[in-house]
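Okay, structure first, notes after.
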Amino acid sequence: MNVFDIIGPIMIGPSSSHTAGAVRLGTVARKVLNREPVEAYIELSGSFAKTYRGHGTDKALLAGIMGYESSDEEIRYSPEIAEKRGLKYTFVPTDIPGAHPNTARIRLKAEDGSSCEVEGASIGGGNIYVDMVNGMKVGFTGQMNTILVLHYDKPGLIAAVTNYMYEHYSEVNIGNFRLARPKKGGEAVMTIEIDGRPPEGMIESLSKIPDVINVILIKAV
Amino acid sequence: MLEYSSIEELVKAAEDRKLKISEVVLEDEALQMDEPAEAVYKRMADSFKVMREAVVKGTDKDLRSTSGLTGGDAYRMKTYRERTGGGLMGDFMTGAVSRAIAVSEYNAAMGRIVATPTAGSCGIMPGCLVTMYEERGFEERDVVMSMFTAAAFGMVIAQKACIAGAQGGCQAECGSASGMSAAALTELMGGSPRQCGDACAIAIQNQMGLVCDPVAGLVEIPCIKRNASGCMIAFSAADMCLAGMVSEIPPDEVIIAMKNVGDALPQSLRETALGGLAATPTAIKLKEKVFGKEK
C-alpha cells in the first residue's frame, strides 16, 4: 500500500465496481475483437441486470468497448458518442446461472463480419474476473498483467510461444498459465499471467508467431 | 522506513526529526516507491488539481446524477451563501460545505473525482483543502503537502481497521476521510504532529457508529450530505486541537474502537441497502422509481 491507494485513484464516479470495473470489461472485449466494433449486444446478469441504469454501468461498458479509459470524462456521454460513431448497441437484462452478481456478457461485431464474445464480472475496487473468451474458459482476474494468446490448436505452439518469451525476454516470469481448447484442431487460447510489466514490443512479436491469431494484453489496475 | 502501523509511529518519526509528518511521509514514500520525491509530490499535486476541477464542475446548476435522484444542491448551497452572506455557519464554512457537496454530487453524476479514501467519501477532503487554498490564501505546495499527512493517517486506518463501508459502515469511509482531513488541516495551520493525531482521533470519535445505508444502493442519499457534515467535523476537530484541547483516548485506540464497532454492525447496516434509511418506505419508493418494481 502507498499514499496513492488512499488519496486515489483518480476515477469516474459513482463507484469503482460499477464504473472502473465495467470499463475494463468493455476494454477486454474491444481488445479481443481487435477491430472497431459496429455492433454490441450486452447481456447483464444478477445485480448488474437490476441496477445498471442508476449506476451508469451501461455507459461504462459502452465506453470501454469504444476504447476509453476508466478515468476519462467522456464515459458519461458514451451513448451519445456511440450514436455519432455509428456503433449500434443493445443491453439485455438476463440471468446467467451461477454467475457472479455483477456479470456482463459482451458480444461485438466488426464491419468485416468478425465477432467476439467475452463474459466477465466486476468484482469490486475496479477489479474484474474474466470467465470466458469466445466460448473458451480463461478465468483471469486482471490483478496481474495478463496476456491472452488466441491461436489455432497446432502441435508445438505452446512451446513456440513460451520459448520465444524465454529467448527474447528472459526477465519475464510467468505466474500462471492456462490453456483452453474447446475442440481439437480449432481455436484455442492461452492465458498467461506475468509478474511485472511486459517489455516493450513483446506483445507485437508474439502475435507474429505462425498460427497465432491475436495477442492481447490486459494491464493490471 | 515507515510501517504505517500506528499514528504514534508517524508522530514520533516527525517529532524526532523536528519535521512535519508530511515531510517525513513524502521522503519515505519516495524511497519505498523508488521514485524521486518531486515526482511523488507531482502525482499528489495532480490529485489536488482533479479535486479543484470537481468542485467547479460539481457546482453546475443543471448537474443531475445518473439515477436522477440528486444534483444541483451544491449550486443551491453556493447561491444561498452568496445571497445571505454566509447563512448561519458563516461565509467560510458555507463555502467549505458547498464544495464538499459539489464533489460528492459530481461523483454521483459520473464525474471525475479522487477517491479519498473512497468514492463515497470523496467530497470531504476537497471541502476542507480546496477551501483553505481558495479562501485562506495557503500556497498550493503547503496544501498538497498536507495531503501526504492525510494519506499516511489513512494508511494507518486501512491497516488497523478498514476504509470500506461494506466492511465497517460509513464511519470507515466518511469517518476516515474526516479524520484524515482534520490531521491535514491541523498541520496546515501550524499544529504539532501530536495535535494532528488528536484532531484525527476527535473527528473519528464524532462519527463513530455511523452506519452505511445507501438508498437504493446508490452513492447519493444520504452519502452526499454526510460528506458535508464530515467536512464540518474535520474543521471543528482541527480547531479544538489548535485551541489546545486534546483527545483523552489516543488516536490508535480510537481507530481500534472504530474497527470493533464496525465488526459489531449487522450486515444490514454495511452497504447492503437493507437497513437504516435504505429500509424506509420513502427509500423503497425511490428505489422503485429508479430501478422499477422488484419482480
Side-chain angles (χ1 to χ4, degrees), chain A residues 1-23 44 46-64 68-81 91 93-95 101-102 123-127 196 221, chain B residues 4 25-26 29 32-33 40 43-44 46-48 50-51 53-54 57 65-69 103-120 122 125 147-148 150-155 157-159 163-164 166 176 180 216-220 223 287 290-292 294-295:
Chain A
M1 188 174 23
N2 65 46
V3 284
F4 300 111
D5 295 314
I6 299 293
I7 310 285
I10 293 172
M11 58 174 273
I12 299 297
S15 79
S16 49
S17 54
H18 287 95
T19 320
V23 171
L44 300 163
S47 158
F48 262 14
K50 294 195 189 89
T51 67
Y52 71 95
R53 279 205 185 91
H55 287 286
T57 316
D58 47 351
K59 294 180 179 178
L61 284 163
L62 210 47
Y68 288 101
E69 306 255 344
S70 55
S71 62
D72 284 339
E73 293 234 72
E74 284 87 351
I75 293 172
R76 76 186 138 130
Y77 308 112
S78 66
E80 291 88 332
I81 297 171
F91 286 94
T94 183
D95 179 43
N102 289 344
I123 57 171
N127 292 305
V221 183
Chain B
Y4 302 92
V25 171
L26 173 57
E29 284 287 283
Q32 297 216 16
M33 284 185 240
V40 178
R43 273 173 78 185
M44 196 61 96
D46 287 345
S47 289
F48 186 55
V50 172
M51 288 181 183
E53 284 169 4
K57 292 182 178 170
S65 68
T66 313
S67 70
L69 290 184
V103 176
S104 197
E105 282 190 311
Y106 196 48
N107 176 61
M110 298 191 87
R112 180 161 50 201
I113 54 93
V114 187
T116 50
T118 63
C122 68
M125 200 175 293
M147 290 164 71
F148 283 96
F153 277 51
M155 285 161 79
I157 298 168
Q159 291 206 52
I163 54 167
S176 300
M180 289 156 53
L218 298 164
V219 195
E220 296 186 53
C223 321
K287 185 182 166 193
V290 179
F291 299 128
E294 193 94 32
K295 274 166 218 148

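Reminder, nothing fancy here: chain letters follow the sequence lines and each chain counts from 1.
Interface residue B:Ile163: only side-chain heavy atoms are found under 4.5 Å from chain A. Only the side chain of B:Met33 comes within less than 4.5 Å of a heavy atom of chain A; its backbone N, CA, C and O stay farther away. Heavy atoms closer than 4.5 Å to chain B are found in both the backbone and the side chain of A:Ile10. Heavy-atom distances place no part of B:Gln32 under 4.5 Å from chain A, backbone and side chain included. Only the side chain of B:Met180 comes within contact range of chain A, with heavy atoms under 4.5 Å apart. Within the 4.5 angstrom heavy-atom criterion, atoms from both the backbone and the side chain of B:Val40 approach chain A. Heavy-atom distances place no part of B:Phe153 under 4.5 Å from chain A, backbone and side chain included.
Interface remark: of the candidates B:Met147, B:Glu220, B:Met44, B:Met44 forms the most heavy-atom pairs closer than 4.5 Å to chain A. Contacts with chain A were tallied for B:Ala109, B:Ala164, B:Ser104; B:Ala109 has the most, counting heavy-atom pairs under 4.5 Å. Between chain A and the options B:Pro117, B:Gly120, B:Ala216, heavy-atom pairs under 4.5 Å are most frequent for B:Pro117. Most heavy-atom pairs under 4.5 Å with chain A: of the set B:Thr116, B:Thr118, B:Thr66, this distinction falls to B:Thr66.
A 4.5 Å side-chain heavy-atom check between A:Ile81 and A:Glu74 finds at least one atom pair inside the cut-off.
The backbone N or O of A:Val23 sits nowhere less than 3.5 Å from a side-chain atom of A:Ser70 that would complete a donor-acceptor pair. Judged by distance alone, the side chain of B:Asn107 and the main-chain N or O of A:Pro14 form a donor-acceptor pair under 3.5 Å.
Within a 6.0 Å sphere centred on OH of A:Tyr77, other residues, nucleotides and ligands contribute 12 heavy atoms or fewer. Residue A:Glu73 qualifies as enclosed at atom CD: its count of foreign heavy atoms under 6.0 Å is above 12.
Take B:Phe48 and apply the ring pair (Phe, Tyr, Trp, His ring centres under 6.0 Å) test, not counting sequence neighbours, and it matches B:Tyr133.
When only modelled atom types and interatomic distance are considered, B:Glu105 and B:Ser65 share no side-chain donor-acceptor pair under 3.5 Å.
Among residues at least two apart or in separate chains, side chain to side chain donor-acceptor pair (under 3.5 Å) pairs with a member in residues 6-21 of chain A are A:Ser15-A:His18.
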